[in-house]
Every structure is written in structure tokens, then in C-alpha cells.
Amino acid sequence: MTVVTRFAPSPTGFLHIGGARTALFNWLYARGRAGKMLLRIEDTDRDRSTQAAIDAILDGLSWLGIEWDGEPIFQFARSARHRKVAEQMLASGHAYRCYASPEELAQMREAARREGRSKLYDGRWRDRDPGEAPPGVKPVIRLKAPLTGETVIDDQVQGRVVWQNENLDDLVLLRSDGTPTYMLAVVVDDHDMGVTHIIRGDDHLTNAARQKQIYDALGWPVPVMAHIPLIHGPDGSKLSKRHGALGVDAYRAMGYVPAALRNYLVRLGWSHGDQEIFSTDEMVSAFDLPQVGRAPARFDFAKLENLNGHYIRHSMDADLLEAIDRLLPHLANGPALAAKLNPHVRGQLLTAMPSLKERAKTLVDLIDSAHFLLADRPLVPDEKAKALLTEPAKGLLRDVAQQLAGIEPWTSETTEHAVRTFADGRGAKLGAVAQPLRAALTGRTTSPGIFEVLAVLGKAECLGRIADQVSLAETAPPID
RNA sequence: GCGCCCUUCGUCUAGCGGUCUAGGACAUCGCCCUUUCACGGCGGAAACACGGGUUCGAUUCCCGUAGGGCGCGCCA
């Protein structure tokens with residue numbers, strides 16, 4: 001039997017991180033078993049569903065590298081089929097018309113709560129003669145659920161979960177306006193789509209029992225179920241926007257790479273011994289449902305960031321340059337930066353990349369660390385760099401610049417030799433020269449190795465930048 | 001309120017009755033490397049929610065308690 005999973009988001013907002021993980025699990029499970037993962041857009045809530053949300057979900061999945069099989073199914077388009085199934089159930093005696101008014105329903109709910117019962121609807125139209133139907137009232141169609149016994153779900157993650165049928169009431173299958181409820185639509189769609197494994201958030205666990213009753217009434221086989229725990233915020237409460245319940249597009253804009261996010265997400269609530277790093281192939285072959293834990297996991301940006309740094313460090317230089325190109329359109333200052341990326345600067349970026357990527361946790365960090373390649377002369381040193389450019393330091397810079405001016409060829413080795421010799425000659429520590437040099441060349445106090453910076457920038461640019469800082473002092477003496 | 005689920009270092013987790021003086025990873029602290037920042041290396045601190053059982057023996061099984069979560073619509 002071919003495994004068929006599905007991801008079924010409702011397009012009422014962006015693809016949030018929890019949804020992304022659910023999609024990932026479905027995708028991994030199917031891929032690891034030569035199966036398919038289908039995509040169903042649950043757009044039956046016409047007021048809240050938007051095209052923008054659909055686009056955001058598709059875009060988010062694609063960015064994460066999660067591909068679905070076939071065309072997405074739109075649930076709303078299938079409502080005629082849903083209605084037909086409800087009528088079938090009516091005809092076969094598995095469902096009935098209920099004429100209870102909203103007021104009656106409210107009363108029943110109140111009474112149930114007062115008496116400590118979980119069953120809300122009392123089944124008053126279950127066996128009543130349709131002839132007693134009040135005139136002018138459009139009925140809903142309810143499932144004739146079993147009164148006794150139990151409903152059991154053998155969940156791949158949760159284990160065997162049992163409900164007493166006396167606690168489950170007759171759910172609505174078809175609304176009075178003839179539209180299907182979620183409960184009915186999901187069952188019919190999963191069945192028609194040939195879904196064999198339902199992997200979804202455990203907020204649906206209670207629904208699983210009710211859906212099982214519908215499957216049973218229809219005589220359809222129940223798919224394998226797996227209800228995975230939800231992701232919580234760092235404080236253990238529900239994940240909020242403040243915590244990281246953002247759209248995956250926000251993670252992209254923060255400079256996270258898909259491989260890192262996938263790796264982080266797959267390890268959240270699932271493990272494979274002590275392994276922390278998984279290539280896509282590895283996670284596809286290792287992932288399985290019984291190893292998914294039942295306790296909700298808390299979202300931890302620090303770990304995501306660490307993983308992201310790992311993936312950046314282990315990326316090919318050219319791939320990182322491409323990743324930057326792709327990220328730029330999603331950043332506020334992207335267009336300005338993109339304009340600077342002429343072939344010459346791209347070449348410098350690529351040359352500096354082995355050293356830049358060593359220091360970056362995110363692509364945004366990476367871009368920022370390349371500031372010294374992208375900034376215009378004269379550089380404006382940041383506060384800390386400015387503090388390094390004291391008058392004595394500037395004297396040192398003036399002198400070292402003279403030494404540097406005679407260097408040919410200009411490489412990290414030749415410049416290193418020159419600077420070290422210069423420092424030795426002055427009886428100065430290397431740092432005493434290197435730090436002011438860094439400040440003058442990069443405008444920062446941190447950067448890749450200073451000799452790499454020298455080499456990447458080239459002789460003329462370096463001498464120019466030193467002159468910029470040194471002469472600046474002459475034209476603008478401190479006001480004391 | 002009712003139903004269901006959950007509970008190992010701060011966090012993600014390993015552990016599936018004795019191997020646990022409880023392992024790994026992130027974060028954290030210290031040292032080393034070092035021109036800065038990182039990377040890397042070494043080391044430290046840090047957990048079985050609580051109470052009863054079952055058992056020769058419980059982190060592992062059962063029952064409570066406490067705490068947390070999810071669901072309880074003619075929403076999805």
C-alpha cells in the first residue's frame with residue numbers, strides 16, 4: 001500500500017512555524033516510504049480565507065523545500081460531494097435531521113455544564129418523527145453516533161486513546177444552509193484523496209474520535225492517525241507572535257536558511273539517538289512516528305540560531321552568495337545593498353566568504369559582516385572603532401602606511417610580514433597596530449583577520465582608507 | 001465544569017526494570033588557541049515534579065496529587 005499523507009492548512013493567515021513542522025513531518029513520512037504528500041487548502045470559511053494566505057502558504061512551503069504531490073485540493077470546491085455523503089448517511093439511517101433552535105442548543109449546553117456532563121446535545125431529534133418538525137425551520141443533519149461502548153484511536157504518537165461514547169454527542173454533519181461542517185468535509189476529503197496517514201497537531205485529537213465515528217458510520221477504513229504535540233513558547237504557554245509564532249517568511253527575513261529551520265523543526269519533539277545534525281536524506285530515512293514525543297516542546301531561538309550558524313559555516317561560498325541574492329528582495333535595505341553588488345564587489349565577497357561565514361549566525365549577520373566591502377569611502381567608524389583611532393594610533397597608522405606603500409606583490413602574506421616587522425621595530429604588540437588598522441579599514445572593531453582584510457581590499461583601497469582616517473583628524477581637530 | 005493528553009539539566013532530548021555515580025546538544029561559566037570577533041579544543045555547573053504502590057530492584061510499570069496543554073460551535 002502506498003503511503004499518502006496530507007497537509008491541510010486553512011488559508012486564514014501565513015504559514016506559521018507549527019504548521020511548517022506539521023508539513024515537514026508529513027513530507028518526511030511520505031518521502032521516507034516512497035509515498036506522496038498531498039496538499040489540501042481548507043477554505044470553507046469563506047469570510048476568513050484569502051488568496052494572499054494561500055500564496056503565503058505555498059511560498060512558505062516552497063522556500064522550506066517541502067514539495068507536495070499533484071495539484072492542491074480546494075475543500076470549498078468539493079461541498080457538493082460533502083452534501084451528497086450527508087444525504088447518503090441520512091438515507092442509510094446513520095444520520096438524522098435536527099430542528100433544535102439556537103436557543104434550545106444554548107439551554108442544553110448550559111444544563112450540561114451545570115450537571116457536569118460533557119455531552120452537550122441531548123439527541124432530542126434522534127428518534128423523533130419527522131412529522132413533528134416545526135414549520136419553516138431548516139434542519140441540520142446530525143450523525144447518529146453510538147450511544148454506548150467506546151471509540152478508540154490507536155494513535156501512532158499518542159498511543160491508544162479511548163473515549164466513552166456516552167460522552168460524545170451527535171455532531172452536526174451538514175448545516176441548515178446545506179454546507180458541510182469541518183468534521184464531515186475532512187473525513188470525506190481524506191477518504192476521497194486516498195489518505196492513509198493523518199499526521200496533524202494534537203489540538204485535533206478530540207476531533208479524531210468524532211471523525212472515527214463518521215468513518216465507522218460510512219463503513220470506510222480509518223486512516224492511521226498521528227497527533228503530534230504543539231509547539232509552545234519559551235515560557236511553556238501557547239506560542240504567540242512575541243515567541244516565534246511568525247510566518248516562515250519572517251524567519252527568511254531574519255536570515256535563517258531552510259536547511260537549518262528544517263533541522264531545528266525536525267528535532268523539536270523528535271529525536272534519533274544523540275544525532276543533532278541531519279541532512280535532508282538522513283532525516284527522510286530516519287524519521288518515524290513512534291519516536292515523536294508526546295510532550296509539547298518549547299521554541300528556542302538560541303538553538304535555531306546555533307544550527308543556522310552551523311549550516312552557514314558548512315555552506316559553499318558561492319551558495320551563500322546566491323542565498324544573499326535571494327534574501328535581498330525580502331530585506332528593507334535590500335535594494336540599496338543589491339545596487340552595490342557589482343562584479344568587482346561580488347568577487348571580493350566570494351574571496352572573503354570563507355572567513356565571513358565563520359562568524360555569521362544568520363544571513364543578515366553575514367551581510368552585515370561584509371559591511372566593509374559594501375560601504376563607501378570615507379568610512380564612518382562606529383563608536384568603538386572611533387575610540388581606537390587615538391592620536392598615537394593615527395601616528396602609527398601613518399607610519400605603517402608608508403611601509404605598506406612599498407609592498408609588492410600585495411597579499412595577506414606580504415602585508416602580514418610588513419606589519420609584523422613594523423610592530424617589532426616599534427617594540428609594539430601586533431594588536432596595537434592591528435586594531436587601529438582594523439578600525440580604519442573596516443570602521444569596526446571586529447572583522448575577519450586583518451591581513452585577509454588587507455588582501456581583499458587591495459593596496460590602493462587600503463592606503464586610501466588609512467589616509468581618510470588619518471587626514472580626517474588633521475582637518476577636524478578635536479574641540480577641547 | 002467535562003473529556004483527553006503531557007511532566008528527565010534553563011531549553012531540545014537519550015533512557016524503553018538492574019548498564020544511571022542519568023548520556024548528548026544548545027545556552028551558561030572557566031581555561032586554551034588568538035591581532036579583534038568568531039570558529040575550534042578542553043573542563044565545570046546543571047535534571048528524573050511530588051506522594052503512594054507493584055517488584056529482589058524503579059527515571060523506566062500502576063494509582064493518586066500538583067502543575068501545564070488541547071478540545072468542548074450550524075469555526076477550521
Side-chain angles (χ1 to χ4, degrees), chain A residues 8-10 12 42-45 47-49 75 98 100 102 105-106 109 112-121 138-142 153 155 157-159 161-164 167-169 171-177 179-183 185-186 201-210 227 229-230 232 234 236-238 264 267-277 293-307 309 313 355-361 365 369 384 388 416 419-420 423 429-435 437-439 442 444-451:
Chain A
S10 52
T12 54
E42 307 210 321
D43 57 348
T44 51
D45 186 337
D47 293 333
R48 295 198 298 148
S49 299
Q75 190 162 60
C98 167
L105 258 15
R109 255 195 291 278
R113 207 181 170 92
R114 200 174 338 117
E115 292 158 33
R117 287 181 285 108
S118 65
K119 200 167 183 165
L120 267 18
Y121 175 69
K138 292 238 187 191
V140 299
I141 294 181
R142 285 185 186 268
I153 298 290
D155 195 277
V157 171
Q158 303 290 332
V161 185
V162 181
W163 288 263
Q164 297 306 313
N167 291 326
L168 267 17
D169 58 13
L171 68 270
V172 174
L173 296 167
L174 208 65
R175 300 187 190 105
S176 52
D177 66 359
T179 60
T181 60
Y182 164 78
M183 252 6 130
V186 166
D202 71 5
D203 50 337
H204 286 288
L205 186 56
T206 313
N207 292 337
R210 327 207 69 172
H227 289 89
L230 267 16
H232 284 185
S237 66
K238 195 170 168 177
Y264 177 70
R267 279 284 292 103
L268 204 56
W270 174 81
S271 63
H272 187 64
D274 283 339
Q275 190 172 350
E276 298 286 347
I277 304 293
R294 300 189 210 176
R298 301 180 188 207
F299 192 85
D300 180 14
F301 266 109
K303 189 144 188 173
L304 205 211
E305 194 161 90
N306 172 275
L307 235 19
R313 284 195 294 283
S355 167
L356 294 178
K357 72 184 180 189
E358 207 64 40
R359 285 150 237 269
K361 294 269 190 283
D365 288 348
S369 72
K384 286 186 216 156
L388 283 175
E416 173 163 5
V419 174
R420 282 190 188 276
K429 283 190 174 180
L430 182 55
V433 183
Q435 277 306 86
L437 202 48
R438 189 187 317 281
T442 69
R444 306 265 177 99
T445 53
T446 65
S447 79
I450 191 64
F451 307 115

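Residue numbers begin at 1 in each chain, while the letters A, B, ... track the order of the sequences.
Across B/C9 and B/A22, the matching C1' atoms stand 10 Å from one another, rounded to whole Å. Atom C1' of B/G23 sits at a distance of 32 Å from the matching atom of B/C70, rounded to the whole Å. If you take atom C1' in B/G69 and the same atom in B/A49, they sit 16 Å apart, rounded to whole Å. When the P atom is used for both B/G1 and B/C12, the distance is 27 Å, rounded to whole Å. B/C6 and B/C48 have their C1' atoms separated by 15 Å, given to the nearest Å. Of the C1' atoms belonging to B/G68 and B/C29, the separation is 31 Å, rounded to the nearest Å. Look at the C1' atom in both B/U7 and B/G51: the space between them is 15 Å, to the nearest Å. Across B/G30 and B/C72, the matching P atoms stand 49 Å from one another, rounded to whole Å.
B/G10: Watson-Crick or G-U partner is B/C26, with both key distances under 3.5 Å. The pairing partner recorded for B/U55 is none, the criterion being a Watson-Crick or G-U wobble arrangement whose two distances lie under 3.5 angstrom. Pairing for B/U65 is with B/A49, a Watson-Crick or G-U wobble pair whose two hydrogen-bonding atom distances lie under 3.5 Å. Pairing partner, B/U60: none, since no Watson-Crick or wobble contact has both distances short of 3.5 Å. In a base pair of the Watson-Crick type (N1 to N3 plus N6-O4 or O6-N4) or a G-U wobble (N1-O2 and O6-N3), with each distance short of 3.5 Å, B/C70 is matched with B/G3.
Taking every side-chain heavy atom of A/N207 into account, B/A76 is the closest of B/C6, B/U36, B/A76. In the set B/G73, B/U7, B/U35, B/U7 carries the atom at the smallest distance from any side-chain atom of A/A295. In this structure, the nucleotide among B/G3, B/C37, B/C74 sitting nearest to the side chain of A/S118 is B/G3. Of all nucleotides listed (B/C2, B/C39, B/G69), B/G69 comes nearest to the side chain of A/H232. Distances were taken from every side-chain heavy atom of A/L105 (C-beta onward) to each of B/C74, B/C12, B/A76; the shortest belongs to B/C74. Looking at the side chain of A/L430, the nearest of the listed nucleotides B/A76, B/U35, B/G3 is B/U35. Side-chain atoms of A/R359 lie closest to B/C37 of the nucleotides B/C37, B/C12, B/U35.
Residues satisfying the salt bridge (Lys or Arg N to Asp or Glu O under 4.0 Å) test with A/R298, not counting sequence neighbours, are none. Shown here are the salt bridge (Lys or Arg N to Asp or Glu O under 4.0 Å) partners of A/K361, two or more places apart in sequence or in another chain: there are none. Looking at residues two or more places apart in sequence or on another chain, you find a salt bridge (Lys or Arg N to Asp or Glu O under 4.0 Å) between A/D43 and A/R46. Scored by the side chain to side chain contact (heavy atoms under 4.5 Å, CB included) test, A/N306 finds no partners at all (sequence neighbours excluded). Every residue was checked against the side chain to side chain contact (heavy atoms under 4.5 Å, CB included) condition with A/R113, not counting sequence neighbours, and none meets it. Taking A/R444 as the reference, A/D368, A/H371, A/D382, A/T442 meet the side chain to side chain contact (heavy atoms under 4.5 Å, CB included) condition, with sequence neighbours excluded. Remark: A/K357 engages A/I312, A/D317, A/L320, A/L366 in a side chain to side chain contact (heavy atoms under 4.5 Å, CB included) (not counting sequence neighbours). By the salt bridge (Lys or Arg N to Asp or Glu O under 4.0 Å) test, A/R117 pairs with A/E115, sequence neighbours left out.
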Using nucleotides 43-50 of chain B, report all nitrogen or oxygen pairs with the protein that are shorter than 3.5 Å.
none

Short N/O separations, protein against nucleotides 19-22 of chain B, under 3.5 angstrom:
none

| note | With B for base contact, S for sugar-phosphate-only contact and - for none (protein heavy atoms under 4.0 Å), nucleotides 24-34 of chain B reads BBSS-------
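Using a 4.0 Å heavy-atom cutoff across all strands shown, A/T44 reaches sugar-phosphate atoms only and no base atom. Residue contacts for A/L174: at a heavy-atom cut-off of 4.0 Å it reaches no nucleic acid atom on any strand shown. Among the protein residues, A/R444 comes within range of no part of the nucleic acid, since none of its heavy atoms lies under 4.0 Å from any strand.
Remark: A/L230 CG to A/D203 CG distance equals 5.0 Å, nearest 0.5 Å.
For the OP1/OP2 pair of B/C37 and a distance below 4.0 Å, the side-chain nitrogens and oxygens of A/S447 include no atom meeting the criterion.
In this structure, CD of A/Q275 is placed 15 Å from C1' of B/C12, rounded to the nearest angstrom. The nearest whole Å value for the distance from the CZ atom in A/F301 to the P atom in B/C12 is 15 Å.
Contact of A/R294 with B/C6 (side chain to base): no donor-acceptor pair of N or O atoms is detected under 3.5 Å. Donor-acceptor pairing under 3.5 Å, judged by distance alone, is absent between the side chain of A/T181 and the base of B/C74.
A heavy-atom distance below 4.5 Å is not found between the side chains of A/R359 and A/S369.
Comparing A/R114 and A/E416, the nucleotide of RNA chain B nearest to each residue sits closer to the 5' end for A/R114.
For A/Y264 and A/F301, the ring centers are positioned 6.0 Å apart or more.
Between the side chain of A/R313 and the main chain of A/A360, no donor-acceptor pair closer than 3.5 Å is present.
Counting only residues at least two apart or in different chains, salt bridge (Lys or Arg N to Asp or Glu O under 4.0 Å) contacts with residues 267-276 of chain A comprise A/R267-A/E276, A/E276-A/K303.
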